[in-house]
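First up is the structure itself, then whatever we jot down about it.
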Amino acid sequence: MNEAITPLIIGNWKMNGKIKQLGEIVELDIILNDMNTDKCHVVICPPTTLLISAAQLNENSKIAFGGQDCHVEQSGAHTGDISAEMLKDAGAQYVIVGHSERRADCGESDEIVQGKVEAAFRADITPIICIGESENERKQGRALEVVLEQLDKSIPTDIKDIIVAYEPVWAIGTGLVPSINDINEMHNAIRVALIKRFGVNGEKTPILYGGSMKPNNAKEMLELNNVNGGLVGGASLKASDFIQIIEACQ
Ligand code: 13P
């Protein structure tokens with residue numbers, strides 16, 4: 001844990017949750033109300049269909065909200081897409097960009113991801129930029145090279161506030177996690193690259209770990225100096241699980 005960066009625990013609900021699922025946010029909100037959360041920022045990125053309702057549940061909530069993707073443009077003829085400005089209007093303060101599921105499902109390149117980061121800056125919301133190697137790339141010993149290249153190409157030259165999320169593709173939704181040494185090595189390498197490129201800003205950028213982060217493994221990861229929080233999928237869907245990961249920050 002790096003005292004200079006307030007850790008963030010971010011739930012990515014992916015394509016999960018109908019209106020009933022808002023009950024989990026209500027439950028989490030009640031628990032957080034009674035907790036000292038100075039040591040951790042809590043964010044939930046629900047599906048866009050739930051974003052407005054979630055953000056309006058309690059205007060004094062300690063939970064902030066984010067979108068899961070945005071288009072590079074502000075508005076226009078892009079059926080089915082959502083702009084960063086629309087997310088902001090709906091109550092989002094963050095947006096996930098370049099998640100490996102979108103890179104795979106929608107063919108998003110680093111260049112497209114970079115455009116989405118710029119769109120987030122334009123709308124004044126914070127991008128959570130996802131990077132991570134595939135199982136093959138790790139087996140070939142290319143994990144560091146692949147991740148640092150994605151980092152380099154996905155981030156524009158001029159940055160404002162960004163969050164980086166290291167999510168090894170093979171760890172997402174599988175219950176597999178890298179060894180603590182491998183997580184440490186990767187996060188340290190990302191920190192060095194950020195400082196080299198952005199100086200002091202690179203020192204302050206939160207680097208989150210994502211990929212099968214669970215109540216039983218979060219603490220060990222969050223104790224690493226350059227793990228400044230988590231991007232949590234499955235374990236963010238139930239308040240009772242998610243709160244245990246938030247508690248691991250305390
Ligand atoms: P899981 O926590 O379900 O492995 O998902 C991680 C993830 O992809 C978060 O963006």
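All ligand and atom numbering here is 1-based and tracks the order in the structure. Quick caveat, the model's predicted, so the values are computed rather than measured.
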Sub-4.0 Å atoms of ligand 1 with respect to non-hydrogen atoms of Gly211: 4 (O), 6 (C)
Regarding atom 4 (O) of ligand 1: of the candidates Gly173, Gly233, Ser236, Gly11, which has the closest heavy atom? Gly173
Which ligand 1 atoms does Leu231 reach within 4.0 Å, using its non-hydrogen atoms? 9 (C), 10 (O)
What I want to find out is whether Arg102 reaches Glu108 closely enough, with some N-O distance under 4.0 Å, to be called a salt bridge. yes
Taking 4.0 angstrom as the limit and counting only heavy atoms of Asn12, give me the atoms of ligand 1 inside it, by number and element. 9 (C), 10 (O)
Without hydrogens or angle criteria, can the side chains of Glu133 and Trp170 be said to hold a donor-acceptor pair below 3.5 Å? yes
Identify the closest protein heavy atom to atom 3 (O) of ligand 1: which residue and atom is it, and at what distance? Gly234 N, 2.8 Å
Does one side chain, of Thr126 or Asp161, offer a donor that lies under 3.5 Å from an acceptor on the other? no
Lys14 touching ligand 1 at heavy-atom level, < 4.0 angstrom: yes
Val227 and Tyr166: CA distance, side-chain angles, deciding distance, side-chain contact (heavy atoms from CB on, under 4.5 Å) verdict: CA-CA 9 Å; Val227 175; Tyr166 167 57; over 6 Å; no
What donor-acceptor contacts under 3.5 angstrom involve side-chain atoms of residues 216-224, with partners at least two apart or in another chain?
{"from": "Asn217", "atom 1": "OD1", "to": "Lys214", "atom 2": "N", "distance (Å)": "2.7"}
{"from": "Asn217", "atom 1": "ND2", "to": "Ser212", "atom 2": "O", "distance (Å)": "2.9"}

Ligand 1 to Glu167, heavy atom cutoff 4.0 Å, flagged ligand atoms 6 (C), 7 (C), 8 (O), 9 (C), 10 (O)
Under 4.0 angstrom from ligand 1, any heavy atom of Ala235? no
Give the minimum heavy-atom separation between Gln21 and Leu237, together with the two atoms involved. NE2-O, 2.8 Å
Is Gly210 in contact with ligand 1, taking contact as a heavy-atom separation below 4.0 Å? no
